[in-house]
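Each chain gets a letter, A, B and so on, in the order the sequences are listed, and its residues count up from 1.
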Protein chains: 2
Amino acid sequence: MLHAPSAPRYIQIREALLRRIQDGDLKPGEKLPSEDQLAAEFGVSRMTVRRSLDDLINAGLIYRRHGLGTFVSKTTIERDHSRLTDFFENCRLSGHVPGARLLHKEQKDALPHIARALGLQPGEPVIRLATLRSVDGAPITYHDAYLPAYRFPDLLEAEPATLGLDRQHVWQLIEAQGYTVANVVEKLEAQLAGKDVARLLKIKPGDPILYGQRVLYSDDGTPLKYADCYNRGDRFSLTVVLAR
Amino acid sequence: MLHAPSAPRYIQIREALLRRIQDGDLKPGEKLPSEDQLAAEFGVSRMTVRRSLDDLINAGLIYRRHGLGTFVSKTTIERDHSRLTDFFENCRLSGHVPGARLLHKEQKDALPHIARALGLQPGEPVIRLATLRSVDGAPITYHDAYLPAYRFPDLLEAEPATLGLDRQHVWQLIEAQGYTVANVVEKLEAQLAGKDVARLLKIKPGDPILYGQRVLYSDDGTPLKYADCYNRGDRFSLTVVLAR
DNA sequence: GAGTGGTCTAGACCACCCG
DNA sequence: GGGTGGTCTAGACCACTCG
């Protein structure tokens with residue numbers, strides 16, 4: 001999280017305040033210095049201070065009360081699981097051992113519902129990357145992803161050993177094409193495991209499955225990836241934050 | 001969405017631009033006038049225009065490209081389902097008939113996991129509101145909610161006919177106590193229906209259930225409500241947006 | 001009244017992208 | 001070079017909250 005000395009002042013100030021909060025220098029519920037005081041302390045104008053505070057408010061770390069001041073939030077909501085984070089990193093951070101196996105890498109014709117999600121015509125070529133992800137050696141998620149072939153001409157030739165095994169890696173390939181990964185829209189349902197999925201996840205047909213249809217978008221709204229996700233109901237949970 | 005004539009200029013401008021996008025006056029992918037042009041058009045400074053645009057960017061409706069301009073997003077992500085919205089309103093908007101029945105309204109001692117979620121000591125009094133929600137006459141969700149009793153002293157005496165039947169209504173009671181509802185954190189899992197839940201939802205034991213533990217927070221991070229939600233797997237799906 | 005955040009100005013200079 | 005957004009200033013006045 002280091003920034004070059006040339007980073008904008010508002011980012012430097014934001015990081016400085018973030019450190020004070022994380023170090024417990026500013027405790028939950030405690031009042032921050034006023035915007036005027038912060039402006040004087042950092043030697044900037046008040047508008048610049050406000051720009052820094054806006055970021056921290058957006059992250060849910062602080063909140064403002066008109067006429068009273070700015071305060072550190074009481075509960076630091078664990079936003080980690082509600083943000084777009086790497087499966088592998090998340091796993092390791094919680095002290096588990098992630099794993100993955102590439103089951104399919106192929107070019108196919110898009111099925112209608114996949115074409116619709118990706119803004120393609122039915123039958124247009126897509127690249128399929130299917131992986132089985134595991135935690136501590138036991139399978140937990142079957143991930144069946146599709147990307148528009150014309151946007152990722154080099155994907156089929158990419159290193160098979162790591163491809164699809166680390167989302168960060170796929171993201172790097174995506175961003176190397178000039179896209180900026182911005183968000184994922186996921187539709188979640190509860191289902192019962194079918195025969196094929198049950199076999200992959202080493203559960204019984206009829207066991208509960210948290211099924212998600214995920215679409216990955218770039219910041220201009222272009223759909224970049226569609227994926228069917230089958231998560232073991234007994235070992236997988238997803239925490240989301242719905243903001244007003 | 002009307003604002004008093006005294007609404008801040010940046011809100012007026014934001015709403016004016018929103019209207020142009022929603023009316024198709026500005027089409028997806030199309031470039032907005034430059035910030036200088038908008039400032040001249042609305043007779044404000046550029047900083048005020050940027051304040052308006054920031055809101056629309058935050059809502060995912062437009063995006064900026066340094067050196068190029070500001071553009072309307074290509075896919076207007078249906079954020080409706082990823083925002084905190086009223087069950088009843090959502091339902092009606094999609095052309096369905098929502099319903100609800102209050103099953104329990106009582107004061108109890110908080111169970112340990114509920115106390116922990118609400119920042120209480122185990123055994124502290126909570127108010128339980130359990131409702132069965134339906135769509136087009138068929139039950140879809142069993143909602144078992146708990147609120148700290150000391151924060152809502154008047155809740156038990158509230159009008160039973162409408163209480164818990166419209167989330168907006170409960171929110172109004174919550175906000176009448178001086179809280180500002182800010183977000184919900186929900187942990188989702190796939191489960192199989194047990195006997196009791198199956199009976200309520202008119203499904204068979206062993207049918208799939210999308211189970212969620214919801215905690216409602218005010219903007220200062222105070223937990224205000226805990227709820228167990230049991231959603232019929234065959235008729236309920238939840239769409240979430242994970243931002244980077 | 002004093003202190004706080006909410007809004008707004010009228011500029012400035014910089015970095016980025018295009019032709 | 002010309003147009004765009006990114007950052008930043010040094011003020012101003014208003015609205016809200018508290019004592």
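- Here the closest non-hydrogen pair linking A:Pro148 and A:Pro223 is CG-O, 4.3 Å.
- For B:Arg64 and A:Asp219, the salt-bridge test fails: no basic side-chain N is under 4.0 Å from an acidic carboxylate O.
- Across the protein-nucleic acid pair, A:Arg65 atom CZ and D:dC18 atom C1' stand 15 Å apart, rounded to whole Å.
- Residue contacts shown for B:Ser34 are limited to sugar-phosphate atoms, with no base heavy atom under 4.0 Å away.
- Comparing A:Met47 and A:His66 along DNA chain C, the residue whose closest nucleotide (by nearest heavy atom) sits nearer the 5' end is A:His66.
- For the residue pair A:Arg151/A:Tyr179, the side-chain donor-acceptor check at 3.5 Å is satisfied.
- Using modelled atom types, one finds a donor on one side chain and an acceptor on the other under 3.5 Å when comparing B:Tyr146 with B:Asp144.
- Nearest-nucleotide assignment on DNA chain C puts the 5′-proximal partner with A:Pro33, out of B:Val44 and A:Pro33.
- Nearest-nucleotide assignment on DNA chain D puts the 5′-proximal partner with A:Gly43, out of A:Gly43 and A:Leu68.
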- Does the side chain to side chain donor-acceptor pair (under 3.5 Å) test come out yes or no for A:Asp36 and A:Ser34, once each step is laid out? CA-CA 5 Å; A:Asp36 278 332; A:Ser34 76; 5.2 Å; no

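- Shown here for B:Lys31 and B:Gly69, the closest heavy-atom pair between the two residues is CE-CA, 4.2 Å.
- Here B:Gln37 does not reach the OP1 or OP2 of D:dG3: none of its side-chain N or O atoms lies under 4.0 Å away.
- The residue A:Arg46 sits close to a base: some heavy atom pair falls under 4.0 Å.
- Reading DNA chain C from its 5' end, the first and the last nucleotide to sit under 4.0 Å from a heavy atom of chain A are C:dG3 to C:dC8.
- Base contact: B:Arg50 has a heavy atom under 4.0 Å from a base atom.
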